[in-house]
Amino acid sequence: MPMKFSCKNEPGVMGRIEKCLSHIRRETSFEPEILLILGTGLGNLAKRVKEEKVFSYGELPHFPHTTVKSHSGNLILGELSGKKVAVMEGRYHFYEGYSLEEVTFPVRVLRQLGAKTLVVSNAAGGLNLGYRKGEIVLITDHINFMGVNPLIGPNEDKLGSRFPDMCEPYSNRLIELAAQAAKEVKVPVSRGVYVGVTGPCLETRAEYRMMRNFGADLVGMSTVPEVIVAAHMGMEVLGVSVVTDACDPDHLEPCNIEEIIKTANEAGSKLDKLIGAAIAKF
Ligand code: HPA
């Protein structure tokens, strides 16, 4: 018996994308080149955008509503560093109960609106003990340890191929441009591999040990689904993490989410500088 993915009367994912796009296009003819998704505690960059149009997520058809307190939930269209950008102030997480199709829906809509590049930031745990708290890391690759994939289900050929290639989901070109920008604005950056988990609980010491042995440098509860969907649609991606806590299995301290958000907020201005300078070069 094949699995059933939608009812006859419900629009499929293309229909939902079209409905959301029509709503946006009725309000503005703005076409972004770059989509920026701002992670937990890293939303300040949105304030630097010269706004053309702001939508609250609630008014956008088929956009889920955010529930995480540290996220606001606005889609901002405007100009940043001379580029036409769309900024997602607040993102959706799998652990909140959204499906991965919901988590990644905005990326699909913004790609159809014109964005060919995705810049995604997140707060992440530092598995690599060479990292310090507040350090900024350019993501070179990821490990999907969520046990799910946003592309499961019938493939939408209009968006991308059934078996998308993942040989360079994080663009080496954008990593090099970001590294150059980082030097110019004097923000030190490292590089590393991000492992995506579902959360919401933090990892055990044994899990941290395993992830380090897998070859991961960073761990977090986001990013991987959005990047998979972006790769499916052929977008160029830059991913940037802020290290908020040390995942040291031999000296693990109880996690403090307020502390994590505080660290992300403190590092946020460095990240804003870096992303602002990097996208000017894209
Ligand atoms: N694990 C998962 N997600 C996180 C962590 C962590 O240690 N720190 C910040 N986000």
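The shown structure was predicted, so the numbers you read here are calculated from the model rather than taken from an experiment. Read the numbers this way: they start at 1 and go in the same order the structure lists the ligands and their atoms.
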Return a yes/no value for Ile260: is any of its N or O atoms, backbone included, closer than 3.5 angstrom to an N or O of ligand 1?
no

Which is it for [X] and ligand 1 at heavy atoms under 4.0 Å: side chain, backbone, both or neither?
X	answer
Tyr95	neither
Cys255	neither
Cys247	side chain
Asp245	side chain

Could you find the nearest protein heavy atom to [atom] and give me its residue, atom name and distance?
atom	value
atom 6 (C) of ligand 1	Leu202 CD1, 3.2 Å
atom 7 (O) of ligand 1	Tyr208 OH, 2.8 Å
atom 5 (C) of ligand 1	Gly125 N, 3.5 Å
atom 4 (C) of ligand 1	Val219 O, 3.6 Å

For the residue pair Ala267 and Gly134, what are the closest heavy atoms and their distance?
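Result for this residue pair: CB-O, 3.7 Å.
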
Could you tell me if the side chain of Met221 sits less than 4.5 Å from the side chain of Tyr95, heavy atoms only?
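SC-SC contact between Tyr95 and Met221 confirmed.
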
Would you mind running through ligand 1 and noting each atom that sits below 4.0 Å from a heavy atom of [X]?
X	answer
Met221	2 (C), 3 (N)
Ala123	9 (C), 10 (N)
Glu203	1 (N), 2 (C), 6 (C), 7 (O)
Thr244	8 (N), 9 (C)

Would you kindly say whether Asn265 and Lys262 are connected by a side-chain donor-acceptor distance under 3.5 Å?
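Result is no, nothing qualifies.
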
Between Thr117 and Glu33: side-chain donor-acceptor atoms closer than 3.5 Å
no

Before accepting this row, confirm whether a basic side-chain N of the pair Glu156/Arg108 lies closer than 4.0 Å to the acidic partner's carboxylate O.
no

Charged N-O contact under 4.0 Å between Glu236 and Lys116
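Here Glu236 does not pair with Lys116 in a salt bridge, since their nearest N and O are not under 4.0 Å apart.
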
So Phe63 and Phe55, ring-ring contact (aromatic ring centres under 6.0 Å, His included) or not? Walk me through it.
CA-CA 11 Å; Phe63 257 58; Phe55 296 95; 8.9 Å; no

Donor-acceptor contacts under 3.5 Å from residues 118-126 side chains, at least two apart:
from	atom 1	to	atom 2	distance (Å)
Ser121	OG	Ile37	O	3.4
Ser121	OG	Gly39	N	3.0
Asn122	OD1	Ser241	OG	2.7
Asn122	ND2	Thr223	OG1	2.8

Would you confirm whether the ring centroid of Tyr92 sits within less than 6.0 angstrom of the ring centroid of Tyr57?
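Under 6.0 Å, so yes.
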
